[in-house]
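See below for the structure under consideration.
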Amino acid sequence: MSTYVLVHGACQGEWVWEKVKPELEALGHKVATLDLPGSGQDMTPPEQVTLDLYVEKVSDLIKQQNEKVILVGHSMGGVVITQTAEKVHDKIDKLVYLCAFLPKNGESLISKSEGEKGPEFELNEADMTLAPKLETVEETFFNAVEDEALRLASMKRCRPQALAPFTQPVQITEEKFGSVDRVYIETTLDNAIPIDFQRRMNTETPCSKVITLEADHAPFLSKPEELVNHLDQVSKS
């Protein structure tokens, strides 16, 4: 059995894993989640939030585990796990990119997504946070979540996202980040990171395995059972 560390994406929190975590644990795995600083129930002021702070928090959680972990990053979490792998590569068995950004050295989330279709964000200059335009949230992030109550509740739980982690480039090397096995789970119904963009990323930075899931940008809500099955299989490969 394996230990998973699950990292959520922008504007969200560890709550996104509420359907996934108990199912993985029921299969005998250990699962650790966290709210990134300024996300979920974490009240770190947005002006203090940086990619480095994200990486510090995730690295600390990984170091608390007794064995190497399978580190999963959703969406923006892909940038976080990429930089984390550079810092604690010796504690990571596999990196799993779940419809996530997969940057190359020197790229930030913003530079990686330049010219690509994706969410429409509004900038709050007072605290330098981003929030997706309300009228686009449902169709962009939760377009395949059939449970209306779940979809609406999830939309309400989203929070503005600190801008700084979007702008900081990753600094990675082949000897550290490059030494960790990578898996990509792509989602074909995704309107936030469209499938063509996902496939360009997992081609530019090749992964040992690419798994295709017919889901939107929230597979942990729209296809939780299939996602759990794929994550379980990753531990066996």
Side-chain angles (χ1 to χ4, degrees), residues 1-10 12-18 20-21 23-25 27-37 39-40 42 50-105 107 109 112 165 168 170-187 193 198 201-202 205-211 213 219-220 227-237:
M1 294 299 101
S2 298
T3 298
Y4 293 78
V5 172
L6 309 180
V7 180
H8 65 81
Q12 300 181 341
E14 64 179 332
W15 58 265
V16 302
W17 309 114
E18 287 175 351
V20 171
K21 186 175 186 286
E23 294 301 321
L24 278 174
E25 290 174 336
L27 294 173
H29 300 296
K30 182 179 178 182
V31 183
T33 63
L34 78 164
D35 283 328
L36 292 173
S39 303
D42 184 284
T50 63
L51 178 58
D52 289 335
L53 186 58
Y54 283 172
V55 169
E56 178 184 338
K57 294 294 184 180
V58 175
S59 298
D60 286 346
L61 183 57
I62 290 172
K63 291 174 183 177
Q64 293 171 23
Q65 312 310 313
N66 294 326
E67 60 180 351
K68 284 189 174 185
V69 307
I70 296 175
L71 181 60
V72 181
H74 170 247
S75 194
M76 177 198 72
V79 177
V80 181
I81 69 171
T82 296
Q83 191 63 64
T84 300
E86 181 70 14
K87 185 174 182 178
V88 290
H89 63 98
D90 57 327
K91 290 283 292 178
I92 302 171
D93 180 39
K94 290 182 176 66
L95 294 169
V96 180
Y97 292 82
L98 176 59
C99 49
F101 286 94
L102 178 45
K104 295 184 291 186
N105 183 47
E107 292 181 328
L109 186 151
K112 189 70 177 179
Q168 183 178 337
V170 299
Q171 302 295 330
I172 53 176
T173 61
E174 274 302 308
E175 62 184 348
K176 293 181 180 178
F177 164 77
S179 69
V180 184
D181 186 24
R182 296 183 295 272
V183 175
Y184 200 102
I185 302 178
E186 58 183 27
T187 45
I193 306 180
Q198 293 183 42
M201 288 191 285
N202 65 47
T205 305
C207 299
S208 64
K209 187 173 185 179
V210 176
I211 298 166
L213 183 58
F220 35 76
L227 177 57
V228 167
N229 179 61
H230 288 313
L231 290 175
D232 179 49
Q233 291 301 314
V234 164
S235 73
K236 300 172 183 176
S237 60

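Here the side chain of E86 pairs no donor or acceptor atom with the backbone of K176 at under 3.5 angstrom. A side-chain donor-acceptor contact under 3.5 Å links H8 to the backbone of L36. With hydrogens and angles ignored, the 3.5 Å screen pairs no side-chain donor or acceptor of Y184 with any backbone N or O of P206. The backbone N or O of K104 lies less than 3.5 Å from a partner atom in the side chain of E107, making a donor-acceptor pair. Without hydrogens or angle criteria, S208 side chain to R182 main chain gives a donor-acceptor distance under 3.5 Å. A donor-acceptor contact shorter than 3.5 Å links the side chain of Q83 to the backbone of Q171. With T82 contributing its side chain and G78 its backbone, the two residues share a donor-acceptor pair below 3.5 Å.
Residues passing the side chain to side chain contact (heavy atoms under 4.5 Å, CB included) test with N229 are Q233, sequence neighbours excluded. With sequence neighbours excluded, the residues satisfying side chain to side chain contact (heavy atoms under 4.5 Å, CB included) with H29 are M1, S2, Y4, L24, L27, D232, S235.
Heavy atoms from other residues, nucleotides or ligands lying under 6.0 Å from CD of E67 number more than 12. With a 6.0 Å radius and a threshold of 12 heavy atoms from other residues, nucleotides or ligands, K112 has its NZ atom above the threshold.
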Worksheet item: Would I185 and L227 count as a side chain to side chain contact (heavy atoms under 4.5 Å, CB included) if you check the C-alpha gap in whole Å, the side-chain angles of each, and the deciding distance to 0.1 Å?
Response: CA-CA 9 Å; I185 302 178; L227 177 57; 4.1 Å; yes
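Residues L98 and F220 have side chains in contact (heavy-atom distance under 4.5 Å, counting atoms from C-beta outward). At a threshold of 4.5 Å between non-hydrogen side-chain atoms, the residues V79 and P165 do not count as touching. For the pair H74 and C99, the minimum side-chain heavy-atom distance is below 4.5 Å.
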Listing, residues 87-95 side-chain donor-acceptor contacts under 3.5 Å, not counting sequence neighbours, or none:
from: K91; atom 1: NZ; to: Q65; atom 2: O; distance (Å): 3.0
from: K94; atom 1: NZ; to: S237; atom 2: O; distance (Å): 3.0

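Taking both residues in full, the closest heavy atoms of T50 and L53 are given as OG1-N, 3.0 Å, listed atom of the first, atom of the second, then distance.
For the 3.5 Å distance criterion, the side chains of T187 and Q198 qualify, holding a donor opposite an acceptor.
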